Structures are given as structure tokens and as C-alpha cells.
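Input: a single structure, listed below in C-alpha cells.
Reminder, nothing fancy here: chain letters follow the sequence lines and each chain counts from 1. Note that the coordinates shown come from a computational prediction; the quantities given were computed from them, not determined experimentally.
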Amino acid sequence: MNADLTFRSGLKDVIPTLFGYIGVGLAMGIVANTSHLSVLAVLLMSLIVYAGSAQFIIISMLLAGSPISAIVLSTFLINSRMILMSMSLAQYFKQDSLLNNIGIGSLLTDETFALSMNKLNQTDHRLKPNWLHGANLLAYAIWALATVVGCLLGHLITDPNQFGLDFAVVGMFIGLLYLQMITDRSKPIKLQLLVVIFVAITMYFLMRWFPGNIALLLATLLGCGFGMAVSPHD
Amino acid sequence: MTNYILITILLAGLVTWLSRVVPFAIIKNLTVPRWLINFLSFVPVAIMTAIFIESLLIYHAGHWPGFNLENIYASIPAIVAGVLTKSLLAVVITGVLAMAAIRLLGWG
């Protein structure tokens, strides 16, 4: 990753994260297929909802015949972390048009958010819409494709996890987190490490009472508060 | 595709899209106070840690979470690869290969 902020550079920078989309996307397509969802339904869901873990929940709730209101509420809760990520990222695009802002927000994912935060450390804390459009659009296309292919191949592959591809998304976050910690010069590494340890412990305790996705949101909010409290005051 | 599925997809898509876009519209037209910028500056590290840790734990309603040993084992070589190479791609590939090996050997 370099300081280049062109559309092409966005396409290039997002490539390492695509393994994650492919692994999870294939798995999602296969699960959808075994849940008797049509290829069209899978494609529409990937294009309209476009959210990994939420789509798994939606499929399982559809299969169980849950009320639409319950499915929509679950989706909102799982994806509510997007609000934090969008708020965090939006600061860098205040000078750009509303249309560009809407375009960036519409296709933002955990992965492209984390990638943007890494990129900021290479570019003197600047981002450009075209760079993020490049990264977002390629990720969006690959996600839709992977889920459709997974659905089509559903009956051929019985165990999509056999090849370890499901770990790609975890590996990606390990890489992005580590790079974030060593490249973000705006915060001492000790402070970042403290936040990491705090969030890790908080996650364990929160998951005593909350499912992972809710715990994740609460732990992030608490982690940000903790970081503020322990950072040197100026 | 039934109406039930279609309406679910449309509404789930709408709430997700609003979560993604409304903050952009608000922040664009607002002077963000310093404390909020400071607070949000911790979002990347906090959220990435939370996503990572979530994948190492298994939620059991009403009990302490269990440990996903496969993911924990595969994370170790992935972290080492990150420290050694500082390359995202190397971390992902190492992790996937480690996971394939762990499953092949029946660990975890």
C-alpha cells in the first residue's frame, strides 16, 4: 500500500481483503442453497443488504419462518456498528459532494473501513472518494459473485470450510489490526495495546450475556471511552 | 421467490443502508466536537480487536463463552507472519494454510 489515492490504486489495495469476501461469500451461498433459497434471492440479498454476518442471520431466520419485523430488527442490531464506522470515516470526506459521501457510505464494509484506516497512515491523513469507490466497488462485485457461485455449487461442496478459506476473514482482521497498530503514529503503541487488551477482556465478559454481534458493538463503545480516559490529556 | 423473502430483503437492506449513509450526511453538515473526534479515533483499533476476539469465542446463551480452538491455533502463525512480513496478503495466506493443516490433522 502506498500514498496513491486513485481509483486504480483502490482496486489494487483491496485485493488482499478479497480472499475474505470469497471465503465467506462461498460459504454463505452454500448455506443459502441448503436453506432452499434461489440464486436470484441470494443475488438480491448480496446486492441490497450487502453484509456478511447479517445475511447468515437473515437466511437462518427466513428458514425458521421468523416474522419480518424480527429479522429486520436483528439486521439493524448486527449492522449498527456501521454507524460508528461511517461516523468515523465521514470526517475525511466533509469537503466532498453529498453524492460522493452517499456513494462511499452505501458500499462501506468492515473490511474497506479497516483498509481506509490503514491507508490514512500512508497518506498524511487524507482520503479521496475515488480511491474508496475503487476498493468498495471491487469488494461489492466479488461478494455478489462469490455468494452466487457458492449457491450454484451448493450441492457439489458439502464442507466449504475444509480448505481453511473461512479463516481468511479472521486472518485479514489480524493483519489489518496489526498494521493499524504499527503504522498509526498519532497514538503511542502502548496506548493502542492497552485498548486492544481492554476490548479483548470486555468482549469475553460481554459474551456471557450478549451474542457476539451485540457484544462487539458494546465493547467497541467501551473501548473508545477507555482509550479517551487513559490517553494523555492536552 | 416469495413476497415474504423479497420484503425481508428490501427492509433489511433499507435499515443497513441507513446505518451506513445517515452518519455521512450528518457529519458532512456538522462541526464535529473535539471530544467526539477523540472518541472516534479509537474506533479502528477497538472495532478490529472486537471483531477478531469475537471469532475466537463461541457464544452459549446464559453461560461463559467457549473458545474456538481452531481459530485460536490458526491465529498464532498468522500473527507471526504479520510481525515478520508486515504484509496483509502474507497474513491471510498463512492463516488459511494453517487452518487447512489444522483441519487435516484433526486438531482443534
Side-chain angles (χ1 to χ4, degrees), chain A residues 16 19 38 40-41 44-45 48-49 51 58 62 68 71-72 75-76 79-80 82-84 86-88 90-91 94 101-102 105-106 108 110 114 117 162-165 167-168 170-178 180 192 195-196 199-200 203-204 207-208 211-212 216 219-220 223-224 227-228, chain B residues 1 4-13 15-17 19-25 27-28 32 35 37-55 57 59 63-65 71 74-75 78-79 82-83 86 88-89 91-92 94-100 102-103:
Chain A
F19 292 89
S38 66
L40 180 65
L44 279 181
M45 196 187 290
I48 295 173
V49 183
I58 292 171
L62 282 174
I68 293 175
I71 305 178
V72 172
T75 305
F76 174 72
N79 289 334
S80 50
M82 300 302 311
I83 297 171
L84 270 178
S86 288
M87 270 178 84
S88 190
Q91 302 165 55
K94 285 185 73 146
N101 273 268
I102 291 172
S106 298
L108 189 68
D110 294 350
M117 293 298 124
Q162 194 185 341
F163 307 107
L165 257 180
F167 191 77
V170 182
M172 193 196 57
F173 278 107
I174 291 174
L176 288 171
L177 174 61
Y178 178 71
Q180 177 67 23
Q192 303 202 50
V195 174
V196 167
V199 171
M203 272 302 284
Y204 184 78
M207 278 181 71
R208 171 75 173 75
L216 191 158
T220 302
C224 293
M228 264 175 96
Chain B
M1 190 167 45
Y4 167 58
I5 294 176
L6 186 64
I7 292 168
T8 300
I9 290 174
L10 290 174
L11 290 178
V15 293
T16 306
W17 184 70
S19 306
R20 281 176 162 136
V21 163
V22 168
F24 274 90
I27 296 284
K28 180 155 174 54
V32 188
W35 66 265
I37 291 181
N38 194 4
F39 181 87
L40 292 173
S41 74
F42 287 96
V43 167
V45 165
I47 210 161
M48 286 185 233
T49 304
I51 292 172
F52 172 44
I53 299 297
E54 189 204 355
S55 71
L57 298 173
Y59 173 68
H63 296 275
W64 288 103
N71 279 359
S75 295
I79 292 169
V83 175
K86 298 187 175 42
L88 188 56
L89 199 56
V91 177
V92 172
T94 307
V96 168
L97 291 177
M99 182 56 95
I102 287 164
R103 297 228 170 97

(request) May I ask you to test the Leu57(B)-Tyr204(A) pair for a side-chain heavy-atom distance under 4.5 Å? (result) yes
(request) Taking the side chain as every heavy atom from C-beta outward, state whether Ile51(B) and Leu177(A) have any pair of such atoms under 4.5 Å apart. (result) no
(message) Do Leu40(B) and Gln91(A) have side chains that approach each other closer than 4.5 Å (heavy atoms only, starting at C-beta)?
(response) yes
(request) Select one option (side chain, backbone, both, neither) describing which atoms of Val83(B) are under 4.5 Å from chain A's heavy atoms. (result) both
(request) Mind ranking Val91(B), Ile37(B), Thr49(B) by heavy-atom pairs under 4.5 Å with chain A and telling me who comes out on top? (result) Thr49(B)
(request) Considering only heavy atoms and a distance below 4.5 Å, find which of Gly82(B), Ala98(B), Ala46(B) pairs most often with chain A. (result) Ala46(B)
(request) Please determine, among Ala25(B), Ser41(B), Ala78(B), the option with the most heavy-atom pairs under 4.5 Å with chain A. (result) Ser41(B)
(request) Could you tell me which portion of Leu62(A) (side chain, backbone, both or neither) has an atom closer than 4.5 angstrom to a non-hydrogen atom of chain B? (result) both
(request) Kindly indicate whether the side chain of Phe19(A), heavy atoms from C-beta on, has any atom under 4.5 Å from the side chain of Leu89(B). (result) yes
(request) State, with a plain yes or no, whether a side-chain heavy atom of Phe167(A) is found less than 4.5 Å away from one of Asn71(B). (result) yes
(message) I'd like to check Phe173(A) versus Ile53(B) (side-chain heavy atoms, cut-off strictly below 4.5 Å). Are they in contact?
(response) no
(request) Taking the side chain as every heavy atom from C-beta outward, state whether Ile102(A) and Phe24(B) have any pair of such atoms under 4.5 Å apart. (result) no
(message) Can you tell me which portion of Trp17(B) sits under 4.5 Å from chain A's heavy atoms? Options are side chain, backbone, both or neither.
(response) side chain
(message) If you count heavy-atom pairs within less than 4.5 Å of chain B, which of Ala219(A), Ala200(A), Gly223(A), Ser80(A) leads?
(response) Ala200(A)
(message) Can you tell me which portion of Ser55(B) sits under 4.5 Å from chain A's heavy atoms? Options are side chain, backbone, both or neither.
(response) side chain
(message) Side chains of Asn79(A) and Thr16(B): any donor to acceptor distance under 3.5 Å?
(response) yes
(message) Side chains of Ile48(A) and Leu10(B), heavy atoms from C-beta outward: is any pair under 4.5 Å?
(response) yes
